[in-house]
A.B. asks: 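Take this structure, written in structure tokens, and hold onto it; I'll ask about it next.
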Amino acid sequence: MSDQKTDHLHAVRHSTAHILASAIQRLWPEVKLGVGPVVENGFYYDIDLGGEQLSADDFPRIEAEMHNIIKAAEPFERLEMPVLEAVGWARKYGQPYKEELLNDLQRSGTTFAKDLDADELGLAAEGDSKVESVSFYRNGDFTDLCRGPHVEATNKVGAFKLMRVAGAYWRGKEGNPQMQRVYGVAFETPKELRQYLDMLEEAKKRDHRKLGQELDLFVFSDLVGSGLPLFTPRGTVLREELEAFSNELRKDRGFEKVSIPHMTKKDLYEKSGHWAKFGSELFLVKSQETSDELVLKPMNCPHHTQIYASRPRSYRDLPIRYLDTTMVYRDEKTGELGGLSRVRSITQDDSHAFVRPDQIEQQIDDLLASANELYGTLGMKLRVRLSWRDESDAYLGSTELWASAQKQLKNAVIANKLEYFEQEGEAAFYGPKIDFMASDAIGREHQVATVQLDFVMPERFGLEYTTEDGSAQHPVMVHCALLGSTERFLSVYIEHTAGRFPVWNAPEQIRLISVNQEEETIKFVQSVVQKAKGLGLRTTVDNSNESVGKKIRSAEMWKIPYTVVLGEKEIGGSELVPRIRKDLAVNDEAKSYALDEFLKTVANEAKSRVSKTSL
RNA sequence: GCCACCUUAGCUCAGUUGGUUAGAGCAUCAGUUUUGUAAACUGAGGGUCGUCGGUUCGAAUCCGACAGGUGGCUCCA
């Protein structure tokens, strides 16, 4: 809000939201209005048309009405009135949602709408003192409770476009009635709007679901079920390379791999506390033999605690660090599923360190360093969120422990010079988290890496170690996943790379194209494949009866890092001219290399996980 | 789970107000060709129009349920 440009854009968007509401009220005089805040790139307005449902088909007439209002150049006038009077106004004009907000405002001096601050609600609630009066803005025959500011008149807004209509619960609570939320984008100039819409078109091209299909990385099957992705050979190479890197980073720092079954008696989760909190989201498994109630594991920490608990531990043994990349299963609601970003079979590159209190700091440092190394190598910039508890009773453990845990996480983040933001209500029920957030192609944020500090689980499972003075003490658990979930990570990573994977994790690293199908050529190509495979390079051959041009085109579309055409010239000489994928190449010139030198260079690049070629 | 929208060949899409045997490009297969850095030529196969039910003389087209998907909301250990 500091600079003028931001302020003005904000006013433009907010004013456009009012124009939207005005237009809807003219077309549907019975409309009951919710809130209409500014959001990234635009605005929305929540409406309730009683029985009628708006659809995108209605947008043309709404937009036409909006343009009429804009043409009319109605000035935005600010009015002020005491809260009590405002309640009367809301009642008089049949606006129950506004009335509810005003009543709350009157009662407590603030509104409780979750995650919507007073500014977004358009309320005049400032500071924490009791609010005496609220402001309204009027344009033409439309008046709305609103803090402002607005542009001077309706013709001073910029370019806008209604985007979609979606359901949204009143005040974000599932039990409340569902309103319709009309989303629009708005910018100061038509050019900026066009640029934004073009950007969205570009983003569609790198949508991980589209690329997953085009590059043959993963599929879904109606017979298998929704939210259950199947990874093809190519997709499996990609995920295993990434998982191997993630594991390596922690093995280097003292973690050891463990393995656990994918199901367990539900007793395990009753003990951990997960059953009480997430029981309805577990898949149940029935034994035909015993009376055991089994569940598919929705997470791994309880299993890992049982490995720790299997023998007495000394303070000298700590830290004990387990690493496990394994699938968990969660019965996510159908409407929450989407591509790879939200699935029901979730691979976690999970780890749990059991440490003494004096080892917490070092452990968190190690994990933050691992995360930095991973995302640095991948060229991804992440936002760091400190996920704290809120005042609700959704958390286990004493408030003192929580305060101490949150403080230690914050110190670690500061010590590692990470930029961060803090958010209440985002913690796990057993402890606070450092979450790393990545953005997808259209700017939606997803949590990837996470480091969590947990004093609760060791206590619930009665985990102990013997201290120097012979007494028993609970270890502290540090939970960590670097990719987070392989699936969700891939959804972001595929979009981040647009499917142009670096050599080290590219499913296909080199493609050899034969100029013709003569025996001599085929034989030569085979000998090159043998050499490349001998160096561990993922190499394929295109011997098909197609033109060289077509085979090159095909290799380009598969986004393969290196393509080599082999024919008479190569058989005769010992040099070849690799075709290097554009984003990898340092310059555009095609150069020739000795066969062995070329292969060795590529093999080294793959091993060292570099993002650019040195060829 | 809730709201809106979508579902035609492996993929991307046509299909006129309900009216005969549902089309195209790419991909696949066969033949011709033996190719030099982003698409050679010819031909063939491939669809109970997501599934089930209804309305109708007649349904890809209209209605309903279910399944799957998209965008949001809610949730996310």
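Chain A is the first sequence line, chain B the second, and so forth, proteins listed ahead of strands; every chain is numbered from 1. These figures come from a predicted structure and were not determined experimentally.
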A.B. asks: Atom NZ of A/Lys551 and atom P of B/A27: how far apart are they, to the nearest Å?
C.D. replies: 14 Å
A.B. asks: Between A/Arg344 and A/Thr334, what is the shortest heavy-atom contact and its length?
C.D. replies: NH2-CG2, 3.6 Å
A.B. asks: In residues 301-308 of chain A, what residues come within less than 4.0 Å of RNA chain B, judged by heavy atoms?
C.D. replies: none
A.B. asks: Look at all strands and tell whether A/Gly567 reaches a base, only sugar-phosphate, or nothing, counting heavy atoms closer than 4.0 Å.
C.D. replies: base
A.B. asks: At under 4.0 Å between heavy atoms, what does A/Glu519 touch on the DNA or RNA strands: base, sugar-phosphate, or nothing?
C.D. replies: nothing
A.B. asks: Please report, rounded to the nearest Å, how far the P atom of B/G1 is from the CZ atom of A/Arg342.
C.D. replies: 13 Å
A.B. asks: Taking the six-membered ring for Trp, are A/Phe354 and A/Tyr308 closer than 6.0 Å centroid to centroid?
C.D. replies: yes
A.B. asks: Nearest whole Å is fine: how far is B/C76 C1' from A/Glu174 CD?
C.D. replies: 13 Å
A.B. asks: Nearest to the side chain of A/Glu281 - B/A77, B/U74, B/A38?
C.D. replies: B/A77
A.B. asks: Using a 4.0 Å heavy-atom cut-off, does A/Lys569 contact any base of the nucleic acid, only the sugar-phosphate backbone, or nothing at all?
C.D. replies: base
A.B. asks: Above 12 or not: heavy atoms from other molecules or residues under 6.0 Å from CD of A/Glu445?
C.D. replies: yes
A.B. asks: Of all the choices, B/A77, B/A40, B/U37, which nucleotide is nearest to the side chain of A/Val548 once you look at every atom?
C.D. replies: B/U37
A.B. asks: Tell me whether A/Asp207 is salt-bridged to A/Lys204, with the criterion being a basic N under 4.0 Å from an acidic carboxylate O.
C.D. replies: no
A.B. asks: Base, sugar-phosphate, or nothing: which does A/Lys433 touch, judged by heavy atoms less than 4.0 Å apart?
C.D. replies: sugar-phosphate
A.B. asks: Considering only NZ, NE, NH1 and NH2 on the basic side and carboxylate oxygens on the acidic side, decide whether A/Arg579 and A/Glu556 come within less than 4.0 Å.
C.D. replies: yes
A.B. asks: One character per nucleotide, please: for nucleotides 67-73 of chain B, 5' to 3', B when the base has a protein heavy atom closer than 4.0 Å, S when only the sugar-phosphate does, - otherwise.
C.D. replies: -SSSBBB
A.B. asks: Could you tell me whether A/Arg385 and A/Glu426 make a salt bridge, using a distance below 4.0 angstrom between a side-chain N and a carboxylate O?
C.D. replies: yes
A.B. asks: Does the side chain of A/Ser547 get closer than 4.0 angstrom to OP1 or OP2 of B/A40 through an N or O atom?
C.D. replies: yes
A.B. asks: Can a side-chain donor-acceptor contact be found between A/Thr539 and A/Gln509 if the only test is distance below 3.5 angstrom?
C.D. replies: no
A.B. asks: When you check the phosphate oxygens OP1 and OP2 of B/C76, does a side-chain N or O of A/Lys333 lie under 4.0 Å from one of them?
C.D. replies: no
A.B. asks: Among B/A40, B/C76, B/U34, which is the nearest nucleotide to the side chain of A/Arg488?
C.D. replies: B/C76
A.B. asks: With Watson-Crick and G-U wobble geometry limited to distances under 3.5 Å, how should the secondary structure of RNA chain B be encoded in dot-bracket form, using | for bases paired to another strand and [ ] for crossing pairs?
C.D. replies: (((((((..((((.....[...)))).(((((.......))))).....(((((..]....))))))))))))....
A.B. asks: Closer than 4.0 angstrom, basic N to acidic O: yes or no for A/Asp435 and A/Arg383?
C.D. replies: no
A.B. asks: ring-ring contact (aromatic ring centres under 6.0 Å, His included) with A/His208: which residues, sequence neighbours excluded?
C.D. replies: none
A.B. asks: Within a reach of under 6.0 Å around CD of A/Gln306, are more than 12 heavy atoms found that belong to other residues, nucleotides or ligands?
C.D. replies: yes
A.B. asks: Does this structure show an ion pair linking A/Glu214 with A/Lys210, if we count only N-O contacts that are shorter than 4.0 Å?
C.D. replies: yes
A.B. asks: Pick the C1' atom in B/A27 and in B/C13, then give their distance to the nearest Å.
C.D. replies: 14 Å
A.B. asks: Could you list all N or O pairs between the protein and nucleotides 31-33 of chain B that sit under 3.5 Å apart?
C.D. replies:
unit_1 : atom_1 : unit_2   : atom_2 : d
B/U32  : O4     : A/Asn545 : ND2    : 3.2
B/U33  : N3     : A/Asn545 : OD1    : 3.1
B/U33  : N3     : A/Asn545 : ND2    : 2.8
B/U33  : O4     : A/Asn545 : ND2    : 2.4

A.B. asks: Does A/Lys297 have any salt bridge (charged side-chain N to carboxylate O under 4.0 Å, His left out) partners at least two apart in sequence or in another chain, and if so, which?
C.D. replies: none
A.B. asks: Would A/Glu100 and A/Arg171 pass as an ion pair if we require N to O under 4.0 Å?
C.D. replies: yes
A.B. asks: Can you tell me, in whole Å, how much space there is between the C1' of B/A40 and that of B/A22?
C.D. replies: 31 Å
A.B. asks: Measure from the side chain of A/Glu556, starting at C-beta and using heavy atoms only, and say which of B/A38, B/A27, B/G1 lies closest.
C.D. replies: B/A38
A.B. asks: Of the nucleotides B/U74, B/G36, B/U35, which has the atom closest to the A/Glu568 side chain?
C.D. replies: B/G36
A.B. asks: Starting the side chain at C-beta, find the nucleotide from B/A4, B/A40, B/A39 nearest to A/Arg553.
C.D. replies: B/A39
A.B. asks: Considering only side-chain heavy atoms of A/Pro298, which listed nucleotide, B/A77, B/A40, B/C75, is closest?
C.D. replies: B/A77
A.B. asks: Looking at B/C75, I'd like to know if its phosphate oxygens (OP1 or OP2) sit under 4.0 Å from a side-chain N or O belonging to A/Arg330.
C.D. replies: no
A.B. asks: With respect to the side chain of A/Gln53, which nucleotide from B/A39, B/G36, B/C3 is positioned closest?
C.D. replies: B/C3
A.B. asks: Are A/Glu520 and A/Lys523 close enough for a salt bridge, meaning some N to O gap below 4.0 Å?
C.D. replies: no
A.B. asks: Please determine whether a side-chain nitrogen of the Lys or Arg among A/Arg342 and A/Glu332 lies less than 4.0 Å from a carboxylate oxygen of the Asp or Glu.
C.D. replies: yes
